Amino acid sequence: MPELPEVETIRSGLEKLIISKKVINLTFDWPKSYPNSLNDTKSFLYGAEIISVRRRAKVLLIDLSTQYSLVIHLKMTGQLVYKDETVRFGAGHPNDSLLNNLPDKSTRVIISFDDDSKLYFNDQRKFGWVKLMPTIEIKNLDFFKKVGPEPLSSEFNWLILKQRLNKRQNTTIKAALLDQTILAGIGNIYADESLWGAKIHPSTLVKNLNDKEYKILYQEIVKVLKLSIELGGSTDKNYINAEGKKGSYLAFSKVFRKEGQHCPRCGTIIIKTRVAGRGTHLCPNCQKL
DNA sequence: CACTTGACCTGTCCGC
DNA sequence: TGCGGACAGGTCAAGT
């Protein structure tokens, strides 16, 4: 899915588009995409006004005036796209084909607002979901009780990263970075990118890292995530933001999807291998075990 | 408990 | 052109 920069890009876009709009209807075509009762939907969603759009880890939270929230996880292929039905995009416009063709066969949930605009939740692989629940209960969900710190928060620093990682001494650093209970928001793209930046091999066991490596890894994580947010995230196959636009980070990525190309630091050919059960990109010269 | 693997789904690409 | 298998940005449950 969308990782932290992609979800954050959607969040900031949605914030500009749907705040203060009133929800009048919701439809869905796949029950697991919207696992909520019709009664709750009628009582707490219909007629509700959008108050705020938040993000925690890779989860989006749309708060409603009814003290309920829509909790949304895009998983691997989820999209959340806003479309004003009164606007038609002409041929040649960058968003032409995508927005004018909504809904399409991957559309799972459609939320309609009182001004005839709509929010489309598309999800080809059907892993994602939209859950309606009381805002106050979100923090009691297992995921939110266990999830690690936000890497871009002002309280996060290299010592906290070290302390969190030290809970997973015998696993690889790549598996640990992907573990949302250690640190929130990192996925396969930004794990590979930050490990390359820190010159750490993804298979390195956490117990073999030293303080110098923790410090540089911390810096690289923050740097890579911030850069990606500036570039609107990474579009590999499916990702688009709330306005239907792709992100451009992958044009600047150092190793992710760059197998067979030269390492920008040393020129060695970048390889793709498997670590923690995931496709993993690295420079075999810069990142040694 | 720590850690790894399979399952959830659809679509695409690659080798035969 | 068709078919099987591997793989794809994430997270759980179930296994060792």
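In this text, all values refer to a predicted model and were calculated from it rather than measured experimentally.
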Chi angles and distances behind the side-chain hydrogen bond (donor to acceptor under 3.5 Å, both in side chains) call for A:Thr9, A:Asn241: CA-CA 6 Å; A:Thr9 302; A:Asn241 71 11; over 6 Å; no

Taking atom [atom1] in both [N] and [M], compute the distance separating them and give it to the nearest angstrom.
N	M	atom1	answer
C:dA14	B:dC9	P	15 Å
C:dC7	B:dT5	P	14 Å
B:dC1	C:dT11	P	22 Å

In sequence, state the C-alpha distance, the side-chain angles, and the governing distance for A:Tyr190 and A:Ser228, and then conclude on side-chain hydrogen bond (donor to acceptor under 3.5 Å, both in side chains). CA-CA 9 Å; A:Tyr190 305 106; A:Ser228 185; 2.6 Å; yes

Give a yes/no answer on whether the side chain of [X] brings an N or O atom under 4.0 Å of OP1 or OP2 in [N].
X	N	value
A:Gln180	C:dG10	no
A:Arg125	C:dG9	no
A:Arg278	C:dC7	no
A:Lys272	C:dA8	yes
A:His73	C:dT11	yes

Without decimals, in angstroms, what is the distance between [X] [atom1] and [N] [atom2]?
X	N	atom1	atom2	answer
A:Lys246	C:dG9	NZ	P	17 Å
A:Arg55	C:dG10	CZ	C1'	15 Å
A:Ile189	C:dC7	CD1	P	18 Å
A:Lys207	B:dA2	NZ	P	14 Å
A:Leu80	C:dG9	CG	C1'	16 Å
A:Glu6	C:dA8	CD	P	17 Å
A:Leu177	C:dT11	CG	C1'	16 Å
A:Tyr249	C:dG9	OH	C1'	13 Å

Hydrophobic cluster mates of A:Leu38, side-chain heavy atoms under 4.5 angstrom, ILVMFWY only, any path?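 Reading the cluster by chain and number, A:Leu38 sits alone, since nothing else belongs.
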
What's in the same ILVMFWY side-chain cluster as A:Trp196, cut-off under 4.5 Å, chained through other members?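 Result for A:Trp196 is A:Val255, A:Ile270.
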
Contacts of type side chain to side chain donor-acceptor pair (under 3.5 Å), residue A:Gln124, not counting sequence neighbours: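 Partners of A:Gln124 under the side chain to side chain donor-acceptor pair (under 3.5 Å) test: none.
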
Can you tell me how far apart [atom1] ([X]) and [atom2] ([Y]) are? Round to the nearest 0.5 Å.
X	Y	atom1	atom2	result
A:Tyr239	A:Gln79	OH	CD	10.0 Å
A:Phe121	A:Arg108	CZ	CZ	8.5 Å
A:Lys258	A:Lys272	NZ	NZ	13.5 Å

Where along residues 26-34 of chain A does a heavy atom fall under 4.0 Å from DNA chain B?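 Result for residues 26-34 of chain A: A:Trp30, A:Lys32, sorted by number.
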
Ring pair (Phe, Tyr, Trp, His ring centres under 6.0 Å) partners for A:Tyr218, two or more places apart: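 By the ring pair (Phe, Tyr, Trp, His ring centres under 6.0 Å) rule, A:Tyr218 matches A:Phe156.
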
Can you name the ring pair (Phe, Tyr, Trp, His ring centres under 6.0 Å) partners of A:Tyr214, sequence neighbours left out?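 Checked A:Tyr214 against ring pair (Phe, Tyr, Trp, His ring centres under 6.0 Å); zero matches.
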
Applying a 4.0 Å non-hydrogen cut-off, can you work out what [X] is touching in the nucleic acid: base, sugar-phosphate, or nothing?
X	answer
A:Asp236	base
A:Arg274	sugar-phosphate
A:Asp123	nothing
A:Gly187	sugar-phosphate
A:Ser234	base

Using modelled atom types and a 3.5 Å cut-off, is there a donor and acceptor pairing between side-chain atoms of [X] and backbone atoms of [Y]?
X	Y	result
A:Glu193	A:Lys254	yes
A:Glu3	A:Ile189	yes
A:Thr107	A:Asp104	yes
A:Glu15	A:Arg11	no

Using a strict heavy-atom distance below 4.0 Å, which residues from residues 127-152 of chain A are in contact with DNA chain C?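 Nucleic-acid contacts, sorted: A:Phe127, A:Phe143.
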
Any residue in residues 159-174 of chain A with a heavy atom nearer than 4.0 angstrom to DNA chain C? Just list them by number, or reply none.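 Under 4.0 Å from DNA chain C: no residue of residues 159-174 of chain A.
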
Can you name the closest pair of heavy atoms from A:Cys286 and A:Cys263 and give their distance?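 So the minimum-distance heavy-atom pair works out to SG-SG, 3.7 Å.
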
For residues 174-183 of chain A, pull every pair meeting side-chain hydrogen bond (donor to acceptor under 3.5 Å, both in side chains), keeping only residues two or more places apart or in separate chains.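 Residue pairs with at least one partner in residues 174-183 of chain A: A:Arg168-A:Asp179, A:Lys174-A:Asn188, A:Lys174-A:Asp192, A:Lys174-A:Thr280, A:Asp179-A:Thr181.
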
Can you give the dot-bracket line for DNA chain C, using ( ) for pairs inside the strand, [ ] for pairs that cross earlier ones, | for pairs with another strand and . for unpaired bases, where Watson-Crick and G-U count if both distances are under 3.5 Å? .|||||||.|||||||

Protein-nucleic acid N or O pairs under 3.5 Å, nucleotides 11-13 of chain B:
unit_1: B:dG11; atom_1: O4'; unit_2: A:Gln124; atom_2: OE1; d: 3.4

Sequence neighbours left out, what pairs pass salt bridge (charged side-chain N to carboxylate O under 4.0 Å, His left out) with at least one residue falling in residues 199-223 of chain A?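 Residue pairs with at least one partner in residues 199-223 of chain A: A:Lys162-A:Asp211, A:Glu220-A:Lys223.
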
Is the NZ or CZ atom of A:Lys131 positioned over A:Trp129's six-membered ring, under 6.0 angstrom from the centre and within 45° of the axis?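 A:Lys131 over A:Trp129 ring: yes.
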
